Asks: 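Sending over a structure as structure tokens; questions will come in a sec.
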Number of protein chains: 2
Amino acid sequence: MTTAGTHLPTTEDLCRSVLENNRDSISIQKPEFAVRKLALILNAALELSNKKGFQAMSLRDLSRASGVSMGGLYSYFDSKDTLLKMILSEVTGAVEAALGEPPAEVRQTPRDHLLWLIDTHIRLTEAMLPWFTFSLMEAKNFPAAERRQAIDSEELTESYFAEVLARGQQDGSFSADMPPLMAALTKPLLQDWYVKRAKYRRRKVHIDSYIAMVQNIVLAACGAATRTTAEKAESDPA
Amino acid sequence: MTTAGTHLPTTEDLCRSVLENNRDSISIQKPEFAVRKLALILNAALELSNKKGFQAMSLRDLSRASGVSMGGLYSYFDSKDTLLKMILSEVTGAVEAALGEPPAEVRQTPRDHLLWLIDTHIRLTEAMLPWFTFSLMEAKNFPAAERRQAIDSEELTESYFAEVLARGQQDGSFSADMPPLMAALTKPLLQDWYVKRAKYRRRKVHIDSYIAMVQNIVLAACGAATRTTAEKAESDPA
DNA sequence: ACAAATATATCGAGCGCTCGTTCGAAAAAC
DNA sequence: GTTTTTCGAACGAGCGCTCGATATATTTGT
């Protein structure tokens, strides 16, 4: 019921998508070459950036870590800023693809839809962990246009939650005095999973427990019944 | 009851504290000189860093914005890294000072203590907004030692919450099946106030409403009764 | 089937520039 | 007159980025 049926993207999926969306700034002709090297470059870029910050990562660092020469890098982007934009737009695209079209069975009740949104978002961030970490850390530091895109994406995610919460309030699933900013405050709960990933790993918190916990906090705040053990067993058969 | 009686630091308080804690790297002798210029330098540094990122802020930018010459800056810190450390350690110190010693009247019941922690933390971050923004954005990017300090400070804050939640669970104020990571998940709710400060300003959300909302979400998740209107009127007389 | 010719991909030294940092001289304070 | 503070030009290192040369794959001519 709440477990994601949606396809979670692999690194190769993402690189292929990056290639498609940046045909003009990538001068490599053969897709199989491009995708393979893009994976090397992007993986290295994400790792270095998430360790030291994007600004602090020099293209010489990136060249060394990826095994692609300085000149080679510039066959895949025409400026360091373009590299940043590539990654950011891939993340916002993935969120839209994953949350935008919920399966028919969860749309029927606001409660299931809400649980599905939480589950799907957290599993998506887990599958794309370095991408989301990057996006969160670096979105602030850049030009107005890109920043605007990040804010819009942010608000789109929030609107998915706002819509389902409002629908649940109308049909009586959720309490009438649910906080009006509940949608806004759900996001930081989802984000903590990847922002503090190291902490949860250290404490051996499993992703399923984390999802269940966020679902229960949000349900409680909405004035709905929290998830039963039976319900958990059904949706998380592992 | 929950409104902070604790003293919130002003810019001058903070600069004086920075001076005391960095006597060795500050070569200016006369305190009144030092505090005045520190305020110029730190205010400019926070504004520039929070706009473009600390790495992207050059010391020439900082010199121009603060009105202090390049050489003059180096009378107040011996490297750009030291400037970073000054600001970070001031923030962790302020949190400890504010949350470490709750007034006697709130210690009596876990519920009041919890509400006080939420209220005080959010008001502190509001009073030191650029400092906290800086701390959150820049802590990741730096040497092991400083990073360790940031993590410790983070966990100290969480432990204040963990302790009071455990106490409330023991004496029956909070439900027995309260999520075990409730303390961990309270922090992102507190942080959203300064992380997304612009959003809440745009939506005209008052700090009092925000605090009340977080308190209610946490109380609901703890299985405690949410705050009544009467209680609100008492603690937020404005 | 095999060279020659072309197209594609890869390389890394070198460009102009800005960075963090220093230091000796000028100015201000006592 | 001495100490303290302020200044900004100058330095070497490292930055993002370019470009001509080289290596590799594919097509073409016979």
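The sequence lines fix the lettering, A, B, ..., with proteins before strands; numbering per chain opens at 1. Just so it is clear, the structure is predicted and the values come from calculations on it, not from any experiment.
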Asks: Under 4.0 Å from a heavy atom of chain B: give me the 5'-most and 3'-most nucleotides of DNA chain D that qualify.
Replies: dT4(D) to dA10(D)
Asks: Give, ordered by number, those residues of residues 16-29 of chain B having at least one heavy-atom distance below 4.0 Å to an atom of DNA chain D; if nothing qualifies, reply none.
Replies: S27(B), I28(B), Q29(B)
Asks: Where the side chain of S89(A) meets the backbone of K85(A), is there a donor-acceptor pair that is under 3.5 Å apart?
Replies: yes
Asks: How bent is the helix from dA1(C)-dT30(D) to dC30(C)-dG1(D), comparing axes over its five end pairs at each side, to the nearest 10°?
Replies: 10°
Asks: With under 30° as parallel and over 60° as perpendicular, where do the rings of W193(B) and Y200(B) fit, or are they tilted in between?
Replies: parallel
Asks: Does anything in residues 37-54 of chain B come within less than 4.0 Å of DNA chain C? Heavy atoms only, and list the residues if so.
Replies: none
Asks: Any chance you could list the contact pattern along nucleotides 25-30 of chain C? Use B for base contacts, S for sugar-phosphate-only contacts and - for none, protein heavy atoms under 4.0 Å, 5' to 3'.
Replies: ----SS
Asks: Do side-chain atoms of N43(B) reach the backbone of A39(B) as a donor and acceptor pair under 3.5 angstrom?
Replies: yes
Asks: Enter the distance from I122(A):CD1 to E126(A):CD here, rounded to the nearest 0.5 Å.
Replies: 10.0 Å
Asks: What does the list of N/O pairs under 3.5 Å between the protein and nucleotides 21-24 of chain C look like, with a distance for each?
Replies:
unit_1	atom_1	unit_2	atom_2	d
dT21(C)	OP2	Y74(B)	OH	2.4
dT21(C)	OP2	K80(B)	N	2.8
dT21(C)	O5'	Y74(B)	OH	2.9

Asks: Return yes if some donor-acceptor pair links the side-chain N/O of D61(A) with the main-chain N/O of S58(A) below 3.5 Å, else return no.
Replies: yes
Asks: Given 3.5 Å as the limit, does a donor-acceptor pair link the side chain of D192(A) with the main chain of P188(B), or not?
Replies: no
Asks: Has S66(A) got a side-chain atom pairing as donor or acceptor with L62(A)'s backbone, closer than 3.5 angstrom?
Replies: yes
Asks: Suppose we screen for ring pair (Phe, Tyr, Trp, His ring centres under 6.0 Å). Which residues come up paired with Y74(A), at least two apart in sequence or across chains?
Replies: F77(A)
Asks: For a quick test of your reading: what N or O donor-acceptor pairs under 3.5 Å do the side chains of residues 22-31 of chain A make, sequence neighbours left out?
Replies:
unit_1	atom_1	unit_2	atom_2	d
N22(A)	ND2	V18(A)	O	2.8
Q29(A)	NE2	S27(A)	O	3.3

Asks: Answer yes or no: is there a side-chain heavy-atom contact under 4.5 Å between L42(B) and L83(B)?
Replies: yes
Asks: Determine whether a donor-acceptor pair (N or O, by modelled atom type, separation under 3.5 Å) exists between the side chain of S153(B) and the backbone of Q149(B).
Replies: no
Asks: Tell me whether K199(B) contacts the main-chain N or O of I151(A) through its side chain, where contact means a donor paired with an acceptor under 3.5 Å.
Replies: no
Asks: I need the R147(A) CZ to L88(A) CG distance, nearest 0.5 Å.
Replies: 12.5 Å
Asks: Can you sort out the partners of E12(A) under salt bridge (charged side-chain N to carboxylate O under 4.0 Å, His left out), two or more places apart, ordered by chain and number?
Replies: R16(A)
Asks: Tell me every residue that passes side chain to side chain contact (heavy atoms under 4.5 Å, CB included) with A65(B), counting only those two or more places apart in sequence or in another chain.
Replies: A44(B), L48(B)
Asks: Got a sec, which residues hit side chain to side chain contact (heavy atoms under 4.5 Å, CB included) with D81(A), two or more places apart in sequence or on another chain?
Replies: S79(A), F142(A), P143(A)
Asks: For N21(B), enumerate each residue passing the side-chain hydrogen bond (donor to acceptor under 3.5 Å, both in side chains) test, keeping only those at least two apart in sequence or located in another chain.
Replies: S17(B)
